[in-house]
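Quick notes on the structure that follows.
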Amino acid sequence: MEEWNFPPSYRNDYFPDTNSPYWFRDRETMDPEKRDELIVARIREVMAYAYDHSPFYQRKWDEAGIKANDIRTLADFEEVPVVTKQELRDSQAKNPPFGDYLCCPESDIHHIHGTSGTTGRPTAFGISRRDWETIANNHARIMWGMGLRPGDTVFVAAILSLYMGSWGALIGAERLGCKAFPFGAGAPGMTARAVIWLGMMKPAGLYSTPSYALRLAEVAREEGVDPREFGIKVLFFSGEPGGSIPSIRDKIQQIYGAKVVDCGTMAELTPWMHASGSADTEGMLLWQDIVYTEVADPNTHRRVPYGEQGTPIYTHLERTSQPMIRMVSGDLTHWVMEDNPCGRTYPRLPKGIYGRIDDMFQIRGENVYPSAIAEVLEGLAGYGGEHRIIISRGGSMDELAVKAEFDQEVAGRGPDAIRSLGEKAEAELSRVLGVRARVVMVDPETFPRTDFKAQRVVDDRDLYQSLNQKRGG
Ligand code: 8LQ
């Protein structure tokens with residue numbers, strides 16, 4: 001069926017009918033129970049392949065007493081032990097540079113990428129030629145689903161270096177027959193240059209992080225350009241929450257006059273677009289025939305029912321160089337199984353991925369995600385576009401403070417307007433989060449902007465002390 005094989009062998013000259021909303025109609029719209037049966041069979045093939053080619057999986061599954069042929073149902077698959085990022089790091093430390101989960105000869109590696117490694121040893125991705133083509137085909141298919149078409153210009157506004165995001169978007173655009181524009185990001189002055197190039201090229205698609213799309217819009221305005229003049233049709237985002245957060249998504253859609261599509265899971269799981277919205281469906285569909293995703297209890301690693309929250313566990317069904325089989329993400333999300341407006345029969349993450357469970361903090365027993373704070377602030381008229389979250393992580397004070405910028409318009413209206421915005425933000429944050437948040441309003445452009453993923457949580461105990469002294473608390 002529609003080139004669904006393992007190992008994959010895509011035809012690089014395949015295109016669907018021009019009028020079809022689907023790249024592979026059967027794979028995308030089939031009865032989900034039937035798809036699950038086919039996925040079980042595919043899992044057995046992928047596991048047998050990984051076992052034959054990698055000491056890592058041999059060790060892991062021998063210890064657990066599990067064999068590929070034992071997997072007869074998706075429930076059986078839940079017995080397979082998960083793979084963690086730490087195990088991959090350890091494997092690469094002992095078997096440099098690609099780890100003993102590399103399932104192809106090193107001579108087949110076509111591209112090397114990696115994690116940024118800001119904490120500890122970075123992880124190297126060795127991607128074979130075959131996988132590179134598979135990724136391009138998978139991404140082209142999903143980008144078709146977003147409404148992008150051959151001949152469209154796709155502007156990649158993310159750093160072209162270790163990061164898999166930019167490369168994944170680029171090779172998807174190339175395979176889709178687009179005019180691929182690897183503009184990049186990250187160099188001084190590059191955002192102002194992006195404004196000029198966007199005006200010249202008028203791309204149909206723009207890829208970046210949501211934070212950077214907001215930054216780009218600010219710079220455009222500083223340069224006297226309305227971002228709507230770029231004529232973008234689709235902004236597709238990965239890397240951080242935002243694309244499925246209504247206040248942020250709607251704001252960006254309004255600023256650019258374009259559709260926002262949320263996608264992206266983890267670099268290890270490239271083709272990372274396997275969780276992605278479509279032209280007609282918001283949130284993220286789980287394109288299960290490419291990467292099988294379970295939303296699972298973070299402790300037992302068993303699937304939770306649809307409608308509930310859990311951590312995504314991912315299994316490659318089409319990768320042959322470093323296949324991930326039950327890699328646990330450590331993120332949190334919730335999934336549903338409903339009729340999707342686009343007609344695809346995949347499960348969906350209606351609010352996208354909330355963020356990493358590690359980034360969640362507890363304030364008086366309530367779980368708070370940084371993305372929930374961004375959601376509230378972005379929905380407030382007069383918010384200046386950046387903020388910092390200050391928490392007493394593990395401390396005795398159990399306090400949450402938010403420093404938020406007001407915009408130029410509020411600045412022009414003076415201290416009363418600033419105070420009233422601060423009170424409104426406090427009230428709204430407390431209502432939504434269920435805990436008190438202290439808000440300190442700060443001048444426009446106080447905080448640096450990012451051309452990548454936003455980092456907004458800071459541990460600033462001094463601020464607490466000064467707040468407590470002022471308020472006698
Ligand atoms: N993360 C990534 N995409 C996200 C999204 N759409 N919504 C919420 N959180 C998201 C190369 C792709 O951009 C994927 C990617 O960013 O991979 P990384 O660099 O390995 O980072 C993975 C983490 O980014 C995930 O675990 C999510 O926390 C976040």
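Throughout, residue positions are numbered sequentially from 1 according to the sequence presented.
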Inset, instruction - Examine R44 relative to F77 and say whether NZ or CZ is less than 6.0 Å from the centre of the six-membered ring and inside a 45° cone about the ring axis. - result: no
Inset, instruction - Measure the spacing between NE2 of H274 and CD1 of I135 and express it to the nearest 0.5 Å. - result: 11.0 Å
Inset, instruction - Salt-bridge test for R130 and E318: reply yes if a basic N is under 4.0 Å from a carboxylate O, no otherwise. - result: no
Legend entry - R27/E3 ion pair, N-O < 4.0 Å: no
Inset, instruction - Would you confirm whether D297, through its side chain, and T300, through its main-chain N or O, come within 3.5 Å as a donor-acceptor pair? - result: yes
Inset, instruction - Answer yes or no: are there more than 12 heavy-atom neighbours, outside K202 itself, under 6.0 Å from its atom NZ? - result: yes
Legend entry - Side-chain donor-acceptor contact under 3.5 Å, Q92 with Y101: yes
Inset, instruction - Go through the side-chain N and O atoms of R319 and T134 and say whether any donor and acceptor fall under 3.5 Å apart. - result: no
Legend entry - Side-chain donor/acceptor of W335 to backbone N/O of V304, under 3.5 Å: yes
Legend entry - Distance (rounded to the nearest 0.5 Å) between I232 CD1 and R228 CZ: 11.5 Å
Show me the side-chain donor-acceptor pairs of residues 48-55 shorter than 3.5 Å, one per line, residues at least two apart or across chains.
residue : atom : partner : partner atom : Å
Y49     : OH   : C103    : O            : 3.2
Y49     : OH   : T320    : O            : 2.6
Y51     : OH   : D62     : OD1          : 2.7
Y51     : OH   : D62     : OD2          : 3.2
H53     : ND1  : Y49     : O            : 2.8
S54     : OG   : Y57     : N            : 3.0

Inset, instruction - Give a yes or no on whether the backbone of S278 and the side-chain of T281 come within a donor-acceptor separation of less than 3.5 Å. - result: no
Legend entry - Test item: side-chain donor near acceptor, T333 and Q309, under 3.5 Å: no
Inset, instruction - Indicate, with yes or no, if the rings of F24 and W4 have centres closer together than 6.0 Å. - result: no
Legend entry - I290 side, atom CD1; I39 side, atom CD1 - distance, nearest 0.5 Å: 10.5 Å
Legend entry - Y314 backbone acceptor or donor facing E294 side chain under 3.5 Å: no
Inset, instruction - With the side chain counted from C-beta on, respond yes when I389 and L400 share a heavy-atom pair under 4.5 Å apart, and no when they do not. - result: yes
Legend entry - Min side-chain heavy-atom separation R388-V457 under 4.5 Å: no
N/O donor to acceptor pairs below 3.5 angstrom from side-chain atoms of residues 246-254, sequence neighbours left out:
residue : atom : partner : partner atom : Å
S247    : OG   : E375    : O            : 2.6
K251    : NZ   : E378    : OE1          : 2.5
Q253    : OE1  : V260    : N            : 2.8

Legend entry - Backbone N/O of R25 and side chain of T29: donor-acceptor pair under 3.5 Å: yes
Inset, instruction - Evaluate side-chain contact (heavy atoms from CB on, under 4.5 Å) for L433 paired with I373, printing each intermediate quantity in order. - result: CA-CA 8 Å; L433 307 178; I373 294 173; 3.9 Å; yes
Legend entry - Close side-chain approach of V195 and F230, heavy atoms under 4.5 Å: yes
Legend entry - D100 side chain reached by Q58 side chain, heavy atoms, under 4.5 Å: no
Legend entry - Test item: V83 and V328 side chains (from C-beta on) under 4.5 Å apart, heavy atoms: no
Inset, instruction - Considering only NZ, NE, NH1 and NH2 on the basic side and carboxylate oxygens on the acidic side, decide whether R326 and E78 come within less than 4.0 Å. - result: no
Inset, instruction - Taking atom CG of D339 as the centre, report whether more than 12 heavy atoms of other residues, nucleotides or ligands fall under 6.0 Å from it. - result: no
Inset, instruction - Kindly determine whether L74 and I43 satisfy side-chain contact (heavy atoms from CB on, under 4.5 Å), including the steps that lead there. - result: CA-CA 9 Å; L74 292 177; I43 284 172; 4.1 Å; yes
Legend entry - From CA spacing to verdict: side-chain contact (heavy atoms from CB on, under 4.5 Å), Y354, M360: CA-CA 9 Å; Y354 310 161; M360 182 190 82; over 6 Å; no
Inset, instruction - Please name all residues satisfying side-chain contact (heavy atoms from CB on, under 4.5 Å) with E366, sequence neighbours left out, ordered by chain then number. - result: V435
Legend entry - Distance-only polar pair, side chains of S321 and D131, donor-acceptor under 3.5 Å: yes
Inset, instruction - Give the minimum heavy-atom separation between L176 and M143, together with the two atoms involved. - result: CD2-CB, 3.8 Å
Inset, instruction - If a pair satisfies side-chain hydrogen bond (donor to acceptor under 3.5 Å, both in side chains) and one of its residues is in residues 140-158, list it, with sequence neighbours excluded. - result: E28-R141, R141-D289, R141-Y346
Inset, instruction - Classify the side-chain pair D108/S128 by whether it contains a donor and acceptor separated by less than 3.5 Å. - result: no
Legend entry - Centroid separation Y163 to F452 less than 6.0 Å: yes
Legend entry - Test item: E240 side-chain N/O and A454 main-chain N/O as donor-acceptor pair under 3.5 Å: yes
Inset, instruction - Could you grab the distance from atom OG of S208 to atom CG of D451, nearest 0.5 Å is fine? - result: 10.5 Å
Legend entry - Flag side-chain contact, heavy atom, 4.5 Å: V261 against L235: no
Legend entry - H139 side-chain N/O to M273 backbone N/O, donor-acceptor pair under 3.5 Å: yes
Legend entry - From S276 atom OG to R348 atom CZ, the distance as rounded to the nearest 0.5 Å: 12.5 Å
Inset, instruction - For residues L349 and S244, determine if any side-chain heavy atom of one lies less than 4.5 Å from a side-chain heavy atom of the other. - result: no
Inset, instruction - Would you name the heavy atoms of E106 and P97 that are closest together and state the gap between them? - result: OE2-CD, 4.1 Å
Inset, instruction - Using modelled atom types only, decide if a donor and an acceptor are shared between the side chain of R449 and the backbone of G385 within a distance under 3.5 Å. - result: no
Inset, instruction - Determine whether the aromatic ring centres of H111 and W132 lie less than 6.0 Å apart. - result: yes
Inset, instruction - Only counting residues at least two apart or in another chain, list the ones meeting side-chain contact (heavy atoms from CB on, under 4.5 Å) with N19. - result: none
Legend entry - L198 side chain near L206 side chain, heavy-atom distance below 4.5 Å: yes
Legend entry - W272 and F125 aromatic centres sub-6.0 Å: no
Inset, instruction - Decide whether Q86 and R89 meet the rule of one side-chain donor and one side-chain acceptor closer than 3.5 Å. - result: yes
Inset, instruction - Search all heavy atoms of L102 against all heavy atoms of F98 and return the closest pair with its distance. - result: CD2-CB, 4.1 Å
Inset, instruction - Measure from the side-chain N and O atoms of S329 to the backbone N and O of P312, and report whether any donor-acceptor pair falls under 3.5 Å. - result: yes
Inset, instruction - Of all the heavy-atom pairs spanning F15 and P150, show the shortest one and how long it is. - result: CE2-CG, 3.8 Å
Legend entry - Carboxylate-amine/guanidinium proximity below 4.0 Å for E386 and R456: yes
Inset, instruction - First locate atom CE of M30, then atom CD of E37, and finally report the distance between them rounded to the nearest 0.5 Å. - result: 8.5 Å
Legend entry - Pair Y212-L214, side-chain contact (heavy atoms from CB on, under 4.5 Å): steps then yes or no: CA-CA 5 Å; Y212 190 53; L214 285 165; over 6 Å; no
Inset, instruction - Give a yes or no on whether the backbone of P341 and the side-chain of R344 come within a donor-acceptor separation of less than 3.5 Å. - result: no
Legend entry - Results of ring pair (Phe, Tyr, Trp, His ring centres under 6.0 Å) for H316 - residues two or more places apart only: none
